[in-house]
Structures are given as structure tokens and as C-alpha cells.
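Start at 1 with the first residue, then count along the sequence. Keep in mind it's a predicted model, so treat the numbers as computed, not measured.
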Amino acid sequence: MKIYTKTGDTGETSLFDKTRVSKADARVDAYGDVDELNACLGAARAARLDADLTGVLEQIQCELFAIGARLADPSSRIAPRVEKASVTEDEVKQLEQLIDRLEADLPPLRKFILPGGSSAGALLHLARTVCRRAERRVVALGAGAVDPIVIVYLNRLSDLLFVMARVANQRAGTTEVEW
């Protein structure tokens, strides 16, 4: 099978329910931002994070594929076919538990900090901003366009990415620059 299909040459793409939409469609924007976030996490993983953080990001990347699949499926036809294409409250709780665990080892924030630091920390800060954009795009789809847990997951994930950036910088011995 060739990587190119030529079906998008006119500026359209197909959703999972076979609906043809413009590549500028809001739903395509939303799952495109989730895809960009996934790539940012891959870059952060490549920046030599500690093994525990790398493992967390790999799991999150799988969950982002599930979110992308949900976003590309306006009629929810993928659910019965692909069980792994779901994100639930359990995944949100896991993100919250990880935030709490990682934050326990960080100094408390007294001021805003500038994004940056080590390569891994800077890439996690970048991923956080892409996550926030993806969240805004999903919200812009409107009520009922997507399972509300997707918005909750992305919101919590951006918090986790902020904490992970701080942890990566702390472990690299990089001082946070306060604003």
C-alpha cells in the first residue's frame, strides 16, 4: 500500500464515517492539533527524559491516538470496532495521581516561570501550549460534538505537561527563571 492516495489533492479528507470534509474543517483542525501534540511528545521523549517520564509520555501518546480517532469520528462508529479508541475517567484520574506524585518533589510556585530550561523541559513546555490549543479547538466544536471526557483529559494533560517540564528541568539541574 502506498503512503499517498491522492484523495486529498482537492483539499478534502475523509472522516471515519466516510464523510468528505475540507481539510480546513474545524474537526480536522482539532485532530490535527492533537496529532501535533503527539509529535511534540515524541520530540520530548527523544530529548533524553528519565525512563519514568518517557514511559508516561509513551502511554499518553497512545491515548492521544485514541482521542484523534474519536475526533475523526463524528458519528461514533469507531467505538464498537476499535476498543482501544477511548479515553475514560480512569485515564484522567491517572493523570491527576501522576501530577500529585510529581508535584510533591517540586518546590512550590510563588511566581510565574518562563518556559524553557533543559531541552526536555522546553519541549514539554511547548507540548503544554500545543495541548492548550488542541483543547480550545475541541471546545470550539461545540457541545455534543465530542465526548466531554476528551476536554477534561486535554485540560488535565496540559497541567501534567507543565509539572513534567518542571520535573525534567529539576532533574537536569536547570534553574527555573521566574517572571
What I'd like to find out is whether the side chain of [X] reaches to under 4.5 Å of the side chain of [Y], using heavy atoms alone.
{"X": "Leu37", "Y": "Leu161", "value": "yes"}
{"X": "Asp50", "Y": "Thr54", "value": "no"}
{"X": "Val152", "Y": "Ile149", "value": "yes"}
{"X": "Glu58", "Y": "Arg45", "value": "yes"}
{"X": "Ile60", "Y": "Leu160", "value": "yes"}

Result of checking Asp147, Asp35, Val146 against Leu71 for side chain to side chain contact (heavy atoms under 4.5 Å, CB included)
Val146
Arg27: which of Val138, Asp73, Thr19, Leu15 passes side chain to side chain contact (heavy atoms under 4.5 Å, CB included)
Leu15
Hydrophobic clusters here meaning ILVMFWY residues chained together by side-chain heavy-atom distances under 4.5 Å, can you tell me if Leu106 and Val177 are in one?
no
Between Phe112 and Leu114, is there shared hydrophobic-cluster membership here, with clusters defined by ILVMFWY side-chain heavy atoms closer than 4.5 Å?
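They do share one cluster, since a chain of ILVMFWY contacts under 4.5 Å joins Phe112 to Leu114.
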On a heavy-atom basis, which atom in [X] and which in [Y] lie closest, and how many Å separate them?
{"X": "Ala47", "Y": "Leu123", "value": "CB-CD1, 3.8 Å"}
{"X": "Ala172", "Y": "Ser118", "value": "CB-CB, 3.8 Å"}
{"X": "Asp33", "Y": "Val130", "value": "O-CG1, 3.8 Å"}
{"X": "Leu141", "Y": "Ala30", "value": "CD1-CB, 4.1 Å"}
{"X": "Leu41", "Y": "Ala127", "value": "CD2-CB, 3.7 Å"}
{"X": "Ala44", "Y": "Leu57", "value": "CB-CD1, 4.0 Å"}

Hey, mind stepping through Leu49 and Leu124 against side-chain contact (heavy atoms from CB on, under 4.5 Å) and telling me if it holds?
CA-CA 10 Å; Leu49 280 170; Leu124 287 164; 4.0 Å; yes
Take atom CD of Glu178 as the centre, draw a 6.0 Å sphere, and report whether it contains more than 12 heavy atoms from other residues, nucleotides or ligands.
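Buried by this count: over 12 neighbours within 6.0 Å.
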How many angstroms lie between atom [atom1] of [X] and atom [atom2] of [Y], to the nearest 0.5 angstrom?
{"X": "Asp25", "Y": "Glu12", "atom1": "CG", "atom2": "CD", "value": "10.0 Å"}
{"X": "Thr175", "Y": "Gln170", "atom1": "OG1", "atom2": "CD", "value": "10.5 Å"}
{"X": "Phe65", "Y": "Tyr31", "atom1": "CZ", "atom2": "OH", "value": "13.0 Å"}

Hey, mind stepping through Asp9 and Tyr4 against side-chain contact (heavy atoms from CB on, under 4.5 Å) and telling me if it holds?
CA-CA 10 Å; Asp9 289 353; Tyr4 57 89; over 6 Å; no
Are any of the side-chain nitrogens in [X] or [Y] under 4.0 Å away from the carboxylate oxygens of its partner?
{"X": "Asp52", "Y": "Arg171", "value": "yes"}
{"X": "Arg133", "Y": "Glu36", "value": "yes"}
{"X": "Arg132", "Y": "Glu135", "value": "yes"}
{"X": "Arg166", "Y": "Glu176", "value": "yes"}

Backbone N/O of [Y] and side chain of [X]: donor-acceptor pair under 3.5 Å:
{"X": "Asn38", "Y": "Gln61", "result": "yes"}
{"X": "Lys23", "Y": "Gly8", "result": "yes"}
{"X": "Glu91", "Y": "Thr88", "result": "yes"}
{"X": "Glu103", "Y": "Pro108", "result": "no"}

Test log, rule side-chain contact (heavy atoms from CB on, under 4.5 Å), inputs Leu64 and Val87:
CA-CA 9 Å; Leu64 289 174; Val87 173; over 6 Å; no
Polar contact flag, side-chain donor to acceptor under 3.5 angstrom, Glu63-Tyr153
yes
Could you tell me if Ser14 and Arg20 have a donor-acceptor pair between their side chains, going purely by distance under 3.5 Å?
yes
I'd like to know whether Glu96 forms a salt bridge (charged side-chain N to carboxylate O under 4.0 Å, His left out) with Arg156, so could you lay out the CA-CA distance, the side-chain angles of the two residues, the decisive distance to 0.1 Å, and finally the verdict.
CA-CA 7 Å; Glu96 291 170 349; Arg156 211 66 80 249; 2.8 Å; yes
Under the criterion side-chain contact (heavy atoms from CB on, under 4.5 Å), I'd like the reasoning laid out for Phe162 against His125: C-alpha separation, chi angles, the key distance, then a yes or no.
CA-CA 6 Å; Phe162 176 76; His125 277 297; 3.8 Å; yes
